[in-house]
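First up is the structure itself, then whatever we jot down about it.
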Amino acid sequence: MVDERFATLSDLDLDLERITASRVADRPVKMRMQSKRNRTAALVLLFAWVLGCGGGSGGSATGPAPGGPADPPPGASPNTPPDLLADAPPVSPGPAAMRRLTEAQYRASVADVLGEDVEIGGRFEPDSRRDGLLAVGTSFVSVTPAGFEQYDAIARSVAEQALAPERRAALVACPPASVAAADDACASDFVRRYGRRLLRRSLADDEIARGVAVARETATALGDFYAGLEMALATLLLSPEFLFRVENSEPDPDHAGRQRFTSTAMASRLSYLLWNTAPDEDLLAAGERGDLVDDALLAAELDRLLDSPRLEDGVRVFFSDLYGFDQIRQGLVRKDATLFPAYSQALIEDAEEQTLRVVAEHLVTEDEDYRGLFTTRRSFMSRALGVVYRVPVVSGTGFEPYEFPAGSDRAGVLTHLSLLALYSHPGRSSPTLRGKFVREVLLCQDVPPPPGNIDFSMFDDPASGTRRTARDRLQAHNDNPACAGCHGLMDPIGLGLEKMDSMGASRETENGAAIDPSGQLNGVAFEDAIGLGEAMAADELVGPCFVRSFLRFAVGREVADGEGELLDYVNQRLGESGYRMRELIRLIVMSDAFRSTSGPRLAVEGEEAS
Amino acid sequence: MSRTIDRRTFLRGVAGGAAISVGLPLLDCFLNDSGTALAQGGPLPVRFGTWFWGCGMNPQRWIPTTVGPDYDLPPELASLADVKQYVNVLSGMNTILDGRPNYPHQTGIMTNITGTVPGADGEVSGTSLDVLISRAIGGGTRFRSIEMAATGRPTQTYSFESAGVANPSAVSPLDLYSRIFGAGFADPNDRDFMPDPRLVLRQSALSAIRDDAARLERRLGSHDRQRLDQYFTSLRQLEQQLELSLSGPPPLDACVRPPEPKGEDLGTDLPQTAKTHQMMTELLVFALLCDQTRVFNMLFSWSLSELRNPGADISHHQLTHDEGVDEELGYQPNATFFALASMEAWAGFVTRLASEPEGAGTLLDNCLVMAHSDSSFAKSHDVNLIPFMTAGSAGGRIRSGIHVAAPGDPTTRVGLTMQQVMGLPVSEFGTRSMLTSQPISEILT
């Protein structure tokens, strides 16, 4: 699947520079907002932006910036009240679809169920980004022939390791009657237990019988009991109900005409959202007991998950998805070796880890306001990162806490190597890509796609060789009113980060010319990257975009029309309490957007999967 | 069957660039008298492939001025000098938009492979040509098709099972080697072939999944049922692989297992991409000789070509837009450098297939490869005059070494021709103004 965010990246950087006024008028900036209150705000902005796109000077359309991060709410409840959403508006939720496990979820599920030391080699079929999130893509992808081969090879390798002589005793509770023959009773126990954990539900008797038959056939043919279990285990790992999260719904007895997810389905939904792995025994048991369709019991189970250190896994995955860090792990963020000799895969992986550590500490450990991520000077350093950030690092290996001093040119995640390098070209930085990331991912605003049929020959710029900084080069386009408008949505944000190059290292000049890092965000002017972070923390779209993104991540689909008022409600509450991650999770998980569905997603013509 | 003949052949390039030689004389005793079929009676397989490069070319420097056989080679086709007798150039054809937008670097390629102009940005407009062909001819081999990208990015692919399902590209020569020649590979010339008893057991286990999943299907909505159908299509492909492995491969005298590639790196700077492409081509040659697949897709650079010279801060695609047209030269020298490099890689690909003996001729004789790009003049995203070439004679089904000019015709004529040559019972291809029933008869035998 072509990864949409990155598919258009390199083109956009050029094409938007030359967008024509007439085309932009046809394709106004879309605001992804639905409630009446927000629509008004959206219209104000939209108006300003269309003006901007038409070549006008834009101007400040946003209202006064609200204050900085709020103080912790006094008396914030450490527990989830069962009636948390008692005064929430009604929700008409969206459709449900099965979700293919991401590579990370596959790995974590296998590690949890079969053992941390089971190695998973091989290349997974790529996850697919849709509407900006891999989590949404999981509701649309299937398994290609090449992908199935990979799953098969991985399943056999995992099964072989899990049942290797030194590990069998830990996994198989019953001693078989003979290691050289089938033993249906012992195999049945094995299939029942691991089938339940891997498929995240109890198996029916005939399903167990089929698993036992697979084990028996192999054990008999090869004269090896454990070879039989191995085959049965590999078969479970290839089952569509392992590879996909199939979450069933049922009529809601409390609301006629409403479909809710079954309690068992809720166990998987909770576990993959909060811990990014299969439900543990307690959660699965609660699901199968029917607890998770009860407000009070769900709240109690939610609190257990929120209190676990594993919450960090779920939060890290959310941010990794949002930020596009999968590109880093796949080795796709590359820099020119001549221009950036200090750059390496190990460095960029350290940079990813740095950002995720900052996110986890800020949101999970410290329970701080999300908006503070754009200004926090607290960070972590590894030896390799210290070289590029030019700060001393004591530890020879691993990470140590580090705080950028006041007056440093760095604060907030936008000044992290990870995002700076990811949203750049291999050879040069890109204010446009960086600005687009902020607009689309952090402010939830659509930037118009590059229009077709542009004749670039008319933009031949004889002076291009003499324009030394990115600002100079973009200025060439900004002199053309046809280009200026829409680039005005992105470049003034990204120019604030220009003192950090394609790999994120600090610089004062580009091609010998001094860099001016001033810019503007939604009408708020800033002097440099620090100012950009402050403007972000104060921007009224940042918090609501966080909420919207998390809802989409949680439900694996776009926000439904009937969920707009819920988002307003959540924003109102978080606006008062300070956009804290746990509180956001509570509000979303306890809501009908997460717990119920309009029914199975219907196929769209032209999207048939076979 | 008895195999006592010593084998010697030349394998080049795979093992970290070092030359390695392995013996392989033509085993005529296994062929019929004319050398077109195996002695057992099966004809040599005919394969279909695509070869894609991004960001097109300069029409005035690429399209031959003469038509028919022995066409001239303009500057951008100069690298075909030694292989042009195997290559057809199909020029002048357009992507007819019918008022739909031209989505940059997308509309042209999507229409080339699906026959339909996409109606939205990012839309895949249907099943791609290679998949249509693989569904018809890919059933008898271990892999219904093999997708490769020399760019290091598995998401870069132009092979689509459907609008929603893309076949990812292999990007690592080492992974590709393991997939084809690793544990599951049964050497067709191993006379001591003994099927692994586990294969039968695995087949049986797969059918157990099928039994369980039938119940699942009933619980799903239409969206998920389609996805589960695709899952089963993929499962069937694995069953088929096992079936073929069980029965033992037919003897293929030209088949040898190539050495494992070593020391690979990935990237989009030109020397790296060229090397990855060469290594993958080498593996492909042996995958085809061993009849592991009959359909393949090779992506040299994608439509937003990221090819780059080491140390340069700007890529091929960026250059096509940023660089001005040199007034004296009449083209963009730096962007054109990469168009030339792409044609050199294509010529290298053709040369490699043409140099590999198979039957009475060469491997290329039994292939049909369609080379194409997303645009002609990339600076203006021009989807008219899209460049197409074919290489090989598809087991004698087409003529080669011909330039066909079809000015103004829809590009779907190429796709239709490819399907018909590969034996698909289709009489038309494409939609709206791209619908055609006219194959390129000048190259048909």
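Keep in mind that what you see is a predicted model, and the values were worked out from it rather than measured.
Within the 4.5 angstrom heavy-atom criterion, no atom of B:Asp382 approaches chain A. Of the two parts of A:Leu243, only the side chain, counted from C-beta on, holds a non-hydrogen atom closer than 4.5 Å to a non-hydrogen atom of chain B. For A:Leu222, the part lying under 4.5 angstrom from a heavy atom of chain B is the side chain only. Contact annotation for B:Val131: neither backbone nor side-chain heavy atoms come within less than 4.5 Å of a heavy atom of chain A. When heavy atoms are compared at a cutoff of 4.5 Å, B:Gln106 does not approach chain A at all. Both the backbone and the side chain of A:Ala97 come within contact range of chain B, judged by heavy atoms closer than 4.5 Å. Using a 4.5 Å cut-off between heavy atoms, B:Ala205 contacts chain A through both its backbone and its side chain. Residue A:Phe340 does not touch chain B at all, counting heavy-atom pairs closer than 4.5 Å. At a 4.5 Å heavy-atom cutoff, the contact between B:Phe143 and chain A is made by side-chain atoms alone. If you measure heavy-atom distances from B:Leu235 to chain A, the contacts under 4.5 Å come from both the backbone and the side chain. Heavy atoms closer than 4.5 Å to chain A are found nowhere in B:Ser169, neither backbone nor side chain.
Ranked by heavy-atom pairs shorter than 4.5 Å toward chain B, the options A:Gln330, A:Glu125, A:Glu217, A:Arg156 are led by A:Arg156. With chain A as the partner, the residue from B:Ala312, B:Pro197, B:Ala213, B:Gly122 showing the most heavy-atom pairs under 4.5 Å is B:Ala312. Ranked by heavy-atom pairs under 4.5 Å with chain B, the list A:Lys335, A:Arg100, A:Arg428, A:Gln150 is led by A:Arg428. The greatest number of non-hydrogen atom pairs below 4.5 Å with chain A, out of B:Arg144, B:Arg198, B:Arg236, is found for B:Arg198.
A search for salt bridge (charged side-chain N to carboxylate O under 4.0 Å, His left out) contacts involving A:Arg216 returns A:Asp184, not counting sequence neighbours.
Nearest heavy-atom pair, B:Ser234 versus A:Thr144, reported as atom, atom and distance to 0.1 Å: OG-C, 3.0 Å. The two residues A:Asp336 and B:Asn309 make their nearest non-hydrogen contact at OD2-O, 3.9 Å. Closest approach of A:Leu332 and B:Gly152 over heavy atoms only: CD2-O, 3.3 Å. In terms of heavy atoms, B:Ala208 sits closest to A:Val214 at CB-CG2, 3.7 Å. In this structure, B:Asp313 and A:Gly427 approach most closely via the heavy-atom pair CB-O, 3.2 Å.
Checked for salt-bridge contact, B:Asp269 and A:Arg334 miss the test: no charged N lies under 4.0 Å from a carboxylate O. Of the charged side-chain nitrogens involved, none lies within less than 4.0 Å of a carboxylate oxygen, so that A:Arg601 and B:Asp224 do not count as a salt-bridged pair.
Under the 4.5 Å side-chain criterion, counting only non-hydrogen atoms from C-beta, B:Thr233 is not in contact with A:Val143. Residues B:Leu228 and A:Pro240 have side chains in contact (heavy-atom distance under 4.5 Å, counting atoms from C-beta outward). Counting heavy atoms from C-beta on, the side chains of B:Leu206 and A:Phe148 come closer than 4.5 Å. Contact annotation: the side chain of B:Arg308 approaches that of A:Pro426 to within less than 4.5 Å [non-hydrogen atoms, C-beta and beyond]. Looking at B:Val171 and A:Arg123, their side chains come closer than 4.5 Å, going by heavy atoms from C-beta outward. Using a 4.5 Å cut-off on side-chain heavy atoms (C-beta onward), B:Glu161 and A:Pro145 make contact.
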Discussion item. Is there a side-chain contact (heavy atoms from CB on, under 4.5 Å) between A:Thr218 and B:Arg202? Walk through the geometry before answering.
Written reply: CA-CA 9 Å; A:Thr218 298; B:Arg202 284 172 61 199; over 6 Å; no
Discussion item. Could you go through B:His223 and A:Met98, starting from their C-alpha distance and side-chain angles, then the distance that decides it, and tell me whether this counts as side-chain contact (heavy atoms from CB on, under 4.5 Å)?
Written reply: CA-CA 9 Å; B:His223 172 77; A:Met98 56 186 195; over 6 Å; no
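A side-chain donor-acceptor contact under 3.5 Å links B:Arg153 and A:Gln327.
Counting only distance, with no hydrogens or angles, the side chain of B:Arg227 and the backbone of A:Ser139 share a donor-acceptor pair below 3.5 Å. No donor-acceptor distance shorter than 3.5 angstrom exists from the side chain of B:Ser222 to the backbone of A:Leu602, with no hydrogens or angles considered.
Applying the side-chain hydrogen bond (donor to acceptor under 3.5 Å, both in side chains) test to pairs two or more places apart or on separate chains, those with a residue in residues 232-242 of chain A are A:Arg201-A:Glu241, A:Glu241-B:Arg219.
If you take OG1 on B:Thr155 and CG on A:Asp326, they are separated by 9.5 Å, rounding to the nearest 0.5 Å.
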